[in-house]
Amino acid sequence: VPEQVDLVQTIRSNRLQLSRLLTRAENGQADAEIAAIYPHTGQAHIIGVTGAPGTGKSTLANALTKHYRSQNRTVAIVAVDPTSPFTGGAILGDRIRMRELSGDIGVFVRSMATRGSLGGLARATGDLVCVFDAAGFDVVLIETVGAGQSEVDIARLAQTTLVIEAPGLGDDVQAIKAGILEIADILVVNKADRPGVDNTVRALRAMLDLGHRVERVNHHGALHTVPAVDSLPDEMTSWQTPILQTISAEDKGIAELADKIAAHRDYLQETGVLKVREQVRIELEMADRLREALLQRLLATTDPTTVQSLIAQVTQRRLSMSEAVTRLLDHTTITP
Ligand SMILES: Nc1nc2c(ncn2[C@@H]2O[C@H](COP(=O)(O)OP(=O)(O)OP(=O)(O)O)[C@@H](O)[C@H]2O)c(=O)[nH]1
Ligand SMILES: [Mg+2]
């Protein structure tokens with residue numbers, strides 16, 4: 001279709017148009033364009049960089065970017081930034097990033113502030129990644145503060161997820177969230193120039209040995225199309241999460257990290273885990289979007305007074321919740 005090819009070519013050759021499409025995607029106003037470019041995605045290596053505030057995610061993303069640029073690979077960075085008003089760290093990281101990477105045509109940085117619903121943030125991030133992928137960037141880095149479910153949802157967009165720790169912040173085992181370990185494909189102890197590195201590594205190793213990491217394909221989506229983890233062949237659960245040390249501020253350990261990232265990508269492709277993970281992600285998102293779309297349709301075809309009256313009847317104990325929901329569904333014809 002000529003129109004699709006035009007749009008792909010436009011965002012590949014025109015930075016202003018790319019930037020404008022990113023803005024529309026961020027605002028959830030690019031459904032038609034995303035649909036048009038979607039067949040041209042699936043080439044980029046999507047890497048998540050997550051961890052507690054101040055662990056050095058931005059510095060590490062910059063160092064990795066410089067490394068990839070030295071190999072002539074193009075890099076897009078999506079910095080999702082839910083905590084910046086509190087830490088200010090992202091602003092600092094961004095300023096350093098501006099100085100080191102500005103002027104390089106092979107790098108594109110996009111910061112995105114939290115707004116609206118959390119589901120909206122994960123969706124907007126996914127759309128930005130799609131645009132960068134179609135625009136031909138070899139690597140897309142997604143940088144998020146590892147805090148809650150929304151970050152886990154965002155991290156799910158990545159093929160390879162790095163969880164960044166730093167000595168002194170997370171060397172207390174209690175402080176290392178099992179949930180974040182579960183999504184880690186590679187653990188990075190950054191600021192390895194600081195005291196306490198060995199303790200942090202030891203604590204992480206102990207957490208890993210407790211078996212907190214379960215292959216992500218273990219999540220059952222609501223649409224029940226994903227195979228159970230115990231039905232997967234052994235090689236699909238064979239990745240051993242490595243623990244690497246870096247000093248991002250001095251570009252130390254970055255080449256080794258890039259090697260591990262490449263090894264993980266090979267593992268994903270050779271074992272077929274890449275496809276299964278993508279299936280899980282798409283199923284989860286589809287279920288989410290279906291739920292939301294069905295609710296919108298139901299509300300659009302239902303008289304608000306009907307809803308109010310049903311709520312009143314539940315309040316007065318004249319109807320149970322399940323009776324009210326059944327009546328609401330009976331009242332409605334959910335059609336486009
Ligand atoms: N000593 C040392 N400091 C580092 C290293 N990497 C980053 N830093 C410093 O740690 C501070 C925080 O770095 P950032 O890269 O902004 O951290 P961040 O995780 O992106 O922070 P938020 O975005 O606020 O969550 C900065 O002052 C960095 O210069 C390192 O390897 N060693
Ligand atoms: Mg940052």
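Atoms within each ligand, like the ligands themselves, are counted from 1 in listed order. Just the heavy atoms: all of them, side chains too, but no hydrogens, waters or symmetry mates, feed the values below.
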Indicate, as side chain, backbone, both or neither, the part of [X] found under 4.0 angstrom from ligand 1 when only non-hydrogen atoms are considered.
X	answer
Leu60	neither
Ile164	neither
Glu143	side chain

Output the distance between atom CG (Asp185) and atom OH (Tyr267), rounded to the nearest 0.5 Å.
->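 Going from the CG atom of Asp185 to the OH atom of Tyr267 covers 8.5 Å.
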Cluster check Leu7, Leu128: I/L/V/M/F/W/Y, side chain < 4.5 angstrom |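 Same hydrophobic cluster.
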Is it true that some N/O/S atom of Thr59, main chain or side chain, lies under 2.8 Å from the Mg ion (ligand 2)?
->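 Coordinating: no.
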Backbone or side-chain N or O of [X] under 3.5 Å from ligand 1 N or O:
X	value
Gly56	yes
Lys191	yes
Gly54	yes

Qualifying residues under salt bridge (Lys or Arg N to Asp or Glu O under 4.0 Å), relative to Arg194, sequence neighbours excluded =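 Arg194 satisfies salt bridge (Lys or Arg N to Asp or Glu O under 4.0 Å) with no residue once adjacent residues are dropped.
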Of all residues at least two apart in sequence or in a different chain, which pass the salt bridge (Lys or Arg N to Asp or Glu O under 4.0 Å) check with Arg73?
->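 Partners of Arg73 by the salt bridge (Lys or Arg N to Asp or Glu O under 4.0 Å) criterion come out as none, since no residue qualifies.
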Decide if atom CD of Gln316 counts as having more than 12 heavy atoms of other residues, nucleotides or ligands within a radius under 6.0 Å.
->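 Enclosed: over 12 neighbouring heavy atoms sit under 6.0 Å from CD of Gln316.
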Answer with yes or no whether the side chains of Arg110 and Thr23 bring together a donor and an acceptor at under 3.5 Å.
->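 Side-chain D/A pair, Thr23 to Arg110: present.
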Number the atoms of ligand 1 from 1 as they appear, then name those within less than 4.0 Å of a heavy atom of [X], with their elements.
X	result
Pro53	25 (O)
Thr55	19 (O)
Ser58	15 (O), 18 (P), 20 (O)

Note, Asn199 side chain near Pro167 side chain (heavy atom, < 4.5 Å) |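 Sidechains of Pro167 and Asn199: no contact.
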Taking the side chain as every heavy atom from C-beta outward, state whether Arg281 and Leu157 have any pair of such atoms under 4.5 Å apart.
->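 A side-chain contact under 4.5 Å exists here.
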Using heavy-atom distances, let me know which of Asn190, Val49, Asp193 sits nearest atom 2 (C) of ligand 1.
->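 The option holding the nearest heavy atom is Asp193.
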Provide the atom name of the closest N, O or S atom of Glu143 relative to the Mg ion (ligand 2).
->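 Among the N, O or S atoms of Glu143, the one closest to the Mg ion (ligand 2) is OE2.
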